[in-house]
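One structure is given below, encoded as structure tokens.
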Amino acid sequence: MRFFESEEELQEKLRDFIAAHKARLGLVSSEAPLISNLPVWSNIALIPQYHQNMSWHDARTQIDRLLHRLGMASIAEKRNPALTREERFCAMLLRAVVVREAVVVLDKPFSILTNLRDGNFLMHLLDKVDDLIAEAHIFDYSWAKERYGVAADAED
Amino acid sequence: MISAIDSIGRFTLDTYSSVGSTLSFAARVFLRMFRRRAYNSASMTVFISQIYFTSVQILPLFLFVAVIFGAMVNGMVFQFIKTIGQTDYLGRLLMGFVVTEISPFITVLLVALRSSSAINAEIAVMKVNHELSTLEIFNIDLIDYLFVPRVLNGIVSMVLLSSLFSLAVISIGLFVSSVVFGTAADAYIDTLLRSASPLDMIIVWFKCAAFGFFITLIPIILGMNASQEMTSIPVAVLNGMVKVFSAIIIIEVLSSIVRFI
């Protein structure tokens with residue numbers, strides 16, 4: 001987890017991090033929305049279909065399995081505007097983890113999960129897809145530390 | 001006087017720059033169409049769905065227009081031929097005018113009205129919603145994934161739909177000729193085949209391909225030019241459609257020059 005005092009500092013560090021890990025980056029951010037004219041499964045399948053030339057059928061099977069793993073099988077055919085915040089976050093997280101050897105970056109996750117008080121849901125999700133992720137990094141403001149169960153005066 | 005010259009000069013420079021950038025982007029997309037990497041599973045999925053939206057969903061309206069138009073044109077042509085007593089020109093008139101000029105023109109108008117405006121709005125909305133930058137973040141090439149399938153769909157759809165339109169018109173002509181002249185089907189087909197020039201057909205296919213290429217490429221370019229504000233979407237669509245119709249006229253004129261000179 002990386003915490004920053006100001007928006008400028010966070011954005012600068014995030015930009016540098018993204019540039020350094022461009023090839024394996026799986027970004028989860030409100031600045032990287034789901035494609036609105038594609039259903040959830042297509043949004044996720046797009047990554048292996050494009051980068052690994054995975055067939056439509058194989059991609060569909062893989063994504064259905066991943067959605068099932070997160071208990072989100074019912075959102076496969078939904079589009080972005082029809083999703084709840086949690087469902088949207090799950091879809092964005094899965095899109096990030098299907099990147100090969102994914103370096104998953106969660107950019108201010110509470111800007112997507114605005115209705116959540118703490119990071120339990122987030123940590124629970126990350127646990128479920130832990131085997132698919134090479135690295136996971138959370139970028140957020142210092143004042144949000146407590147939401148992740150980190151003491152406010154703790155080092156980053 | 002000076003301000004008038006100034007505005008003419010500015011208009012000329014703007015037009016020159018706009019045409020230059022369009023042609024340069026067109027060349028990039030065209031070259032990318034021959035790159036194997038552009039045909040991955042994701043791009044092919046987009047291509048198939050685009051073919052469905054452009055060529056399949058339009059079919060009821062398209063066939064309705066083709067039948068109505070075919071009946072109207074054939075009625076006029078046969079009546080005219082009968083009046084002047086020049087039945088030898090029937091094939092030439094149908095093949096040289098209806099198949100090579102009218103069919104591609106009506107087809108491109110219908111496809112442009114439906115698909116070009118949709119592509120323009122779609123790309124503009126994606127730009128405004130940061131969806132294009134999202135694709136770039138995930139290392140997805142916009143030309144390979146978004147543009148090549150749409151442009152290729154434009155080319156394939158235009159050639160197929162224009163051929164279908166011609167077929168519908170000729171089929172109705174067969175019916176009208178048997179009613180008006182009492183011509184047998186094989187005599188009618190023989191007349192048409194004798195009037196068909198291979199060079200004309202090649203020019204028509206090239207014209208359809210050029211139509212398809214530009215009526216999908218121009219909306220993409222104008223959609224990409226949208227700013228980050230919602231209000232830029234209708235402006236992008238409006239400008240795109242004006243340029244699409246300009247391109248249709250230019251291609252029509254150029255193909256006529258190639259054909260008749």
Side-chain angles (χ1 to χ4, degrees), chain A residues 14-15 17-39 41-63 79-81 88 91-105 107 111-112, chain B residues 32 35-54 57 114-115 117-150 153 216 219-220 223-224 226 228-230 233 237:
Chain A
L14 184 62
R15 248 194 323 271
F17 191 88
I18 287 173
H21 297 86
K22 183 95 177 85
R24 293 161 53 204
L25 183 76
L27 182 65
V28 180
S29 167
S30 55
E31 300 297 313
L34 297 171
I35 308 299
S36 50
N37 64 356
L38 293 179
W41 84 265
S42 291
N43 263 286
I44 305 166
L46 170 60
I47 310 299
Q49 275 192 292
Y50 183 85
H51 289 294
Q52 297 157 39
N53 201 16
M54 186 183 281
S55 74
W56 184 93
H57 182 265
D58 289 351
R60 175 80 212 222
T61 309
Q62 185 192 344
I63 304 314
R79 291 179 187 226
N80 191 19
R88 187 170 297 120
M92 291 165 96
L93 180 65
L94 286 182
R95 182 179 62 177
V97 303
V98 293
V99 172
R100 195 177 269 176
E101 293 178 53
V103 176
V104 173
V105 175
D107 170 27
S111 66
I112 304 166
Chain B
R32 202 65 78 83
R35 212 172 69 161
R36 198 178 177 147
R37 194 173 146 67
Y39 299 94
N40 55 60
S41 169
S43 310
M44 291 314 290
T45 304
V46 175
F47 174 68
I48 291 166
S49 61
Q50 289 293 316
I51 285 279
Y52 175 73
F53 294 140
T54 306
Q57 280 191 334
R114 205 170 167 278
S115 296
S117 50
I119 290 173
N120 205 326
E122 183 187 23
I123 300 294
V125 167
M126 288 182 83
K127 176 81 183 287
V128 171
N129 285 347
H130 301 281
E131 291 171 18
L132 296 180
S133 55
T134 300
L135 291 173
E136 286 174 327
I137 285 169
F138 282 92
N139 299 309
I140 292 172
D141 188 291
L142 297 183
I143 295 181
D144 285 352
Y145 173 66
L146 283 180
F147 306 160
V148 167
R150 280 167 176 75
N153 154 62
T216 44
I220 287 170
M224 295 273 288
Q228 301 295 345
E229 291 160 12
M230 280 290 181
I233 296 172
V237 176

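Proteins get letters first, then strands, A, B, ... in listed order; numbering begins at 1 in each. Basis for what follows: all heavy atoms, side chains included, without hydrogens, waters or symmetry-related copies.
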**Study point:** Proximity breakdown for A:S36 and chain B, heavy-atom pairs closer than 4.5 Å
**Key:** both
Check your understanding: Mind checking whether A:L27 and A:R95 have side chains closer than 4.5 Å, heavy atoms only?
Key -> no
Check your understanding: Heavy-atom distance under 4.5 Å to chain A: side chain of B:L132, backbone, both or neither?
Key -> neither
Exercise for review: Tell me, for A:L38 versus chain B, whether the close heavy atoms (under 4.5 Å) come from the side chain, the backbone, both or neither.
Suggested key: side chain
Exercise for review: Over all heavy atoms of both residues, which pair between B:F47 and B:P149 is shortest? Give the atoms and the distance, please.
Suggested key: CD1-O, 3.6 Å
**Study point:** For B:F147, ring-ring contact (aromatic ring centres under 6.0 Å, His included) partners two or more places apart
**Key:** B:F25
**Study point:** Any side-chain heavy-atom pair of A:R100 and A:Q52 under 4.5 Å
**Key:** yes
Study note, to complete from the structure: Highest number of heavy-atom pairs under 4.5 Å with chain A among B:T45, B:V46, B:V125 belongs to B:T45
**Study point:** Proximity breakdown for A:A59 and chain B, heavy-atom pairs closer than 4.5 Å
**Key:** neither
Review point. Got a salt bridge between B:D141 and B:R32, using NZ or NE/NH1/NH2 to carboxylate O under 4.0 Å?
Key: yes
